[in-house]
Amino acid sequence: MSKKNKKNIEPQKPVTELADDELLKLSIEDPSYFGHLIARYQEAFMRAAVSITRSREESEDILQEAFTKIYLNGAKFKKEPGASFKSWAYKIVINTSFTHYQKLKKNTGNVSYLDPVLYDEEAITGEVMDFASLMDHKDVVAATIAKMPEHLGRLLRMYYLEDKSYKDIAKAEKISTTTLKMRLFRAKRLFKKTMGSDIKSQLEK
Amino acid sequence: MDLQRKIMLRIYGIWLFRRVVPVIIFQILFVILALHLFASSVFVVRVFQSATGALEGGLWNFIVFAFTVLWNSKFAVKIEILTMLIVGYYTLLYLKKAIVAYERIKRP
């Protein structure tokens with residue numbers, strides 16, 4: 001590389017002051033810049049992945065895959081209002097986590113306990129409550145789902161109670177798989193909230 | 001190996017195979033082609049024999065020999081040599097770039 005080209009690649013500001021999208025752009029020519037992006041987001045992304053898989057080991061694999069995807073698609077990323085690098089990358093991490101989680105589910109059968117919303121360390125009523133035990137009380141689950149907004153409850157019902165695949169649900173709902181995963185994630189979060197307040201009110205009675 | 005190092009090695013591999021390897025392969029093929037053309041118009045063994053003889057007489061003798069040969073060669077041969085030198089220089093630069101990048105990502 002000539003000195004002139006090298007000057008074009010060298011950033012004007014110190015690396016710590018560079019925006020994420022600038023670092024991403026620089027890393028396409030010099031991969032060492034990508035290390036700064038990893039350092040910035042590794043922990044946050046790890047937390048996101050762990051919240052889905054509940055396994056640090058699995059999450060490390062997910063992070064490797066997600067960062068690779070981020071780098072591979074880095075040239076396509078364009079900063080637009082409301083679409084920051086962080087949200088774009090976060091979406092990749094979440095999608096990779098979900099895909100990984102689905103693979104785990106297929107390979108090992110019952111890994112539902114990994115679910116971040118239905119299985120939480122801060123158990124809903126203070127006692128450990130895993131998804132397996134929740135599924136033993138399908139009627140309670142169905143009652144909670146009924147209290148949720150119709151479109152979110154329907155997704156949970158199809159996925160957890162009717163055991164339908166992502167593909168089938170996405171087709172039935174006429175949405176993409178990615179949108180479905182995001183909606184399911186929101187639905188599960190709401191489920192937890194609804195379930196928690198139900199149990200609390202029952203305990204108060 | 002920590003996670004960041006593992007990811008960076010992957011990234012380096014991608015970068016190497018996307019940005020450096022294709023260019024180097026193209027440059028090497030180009031130099032091979034240029035050498036082939038060069039060999040068809042120049043008696044390379046004889047030139048090397050003369051060059052060895054010139055080297056025995058000292059570095060200055062060799063430099064004078066190299067310039068004399070280049071000056072007296074055909075225009076097409078001059079272009080071939082120049083092209084090979086330029087492309088060879090860029091190949092070395094790319095190799096250096098790959099090594100420097102690897103050294104950088106190895107740093108904690």
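The chains referred to below are lettered A, B, ... by the order of the sequence lines, with proteins before strands, and numbering in each begins at 1.
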Pairwise distance CD1(Ile38(A)) to CD1(Ile105(B)) - rounded to 0.5 angstrom: 9.5 Å
Heavy-atom contacts under 4.5 Å, residues 59-84 of chain B to chain A: none
Where Met8(B) and Ser32(A) come nearest, the two heavy atoms and their spacing: CE-CA, 3.9 Å
Residues of residues 57-72 of chain A contacting chain B, heavy-atom criterion under 4.5 Å, by residue number: Glu60(A), Leu63(A), Gln64(A), Glu65(A), Phe67(A), Thr68(A), Tyr71(A), Leu72(A)
Over 12 foreign heavy atoms within 6.0 Å of OH, Tyr102(B): no
Contact residues of residues 171-182 of chain A (partner chain B; heavy-atom separation under 4.5 angstrom): none
Test side chain to side chain contact (heavy atoms under 4.5 Å, CB included) applied to Ile28(A) and Arg18(B), step by step: CA-CA 10 Å; Ile28(A) 292 166; Arg18(B) 274 183 152 192; over 6 Å; no
Partner set under side-chain hydrogen bond (donor to acceptor under 3.5 Å, both in side chains) for Gln42(A), not counting sequence neighbours: none
Candidate pair Lys97(B) and Asp30(A), rule salt bridge (charged side-chain N to carboxylate O under 4.0 Å, His left out), full reasoning: CA-CA 9 Å; Lys97(B) 190 179 169 184; Asp30(A) 181 347; over 6 Å; no
Closest non-hydrogen atom pair, Pro31(A) against Ile11(B): CB-CG2, 4.0 Å
Over 12 non-hydrogen atoms of neighbours within 6.0 angstrom of OH in Tyr166(A): yes
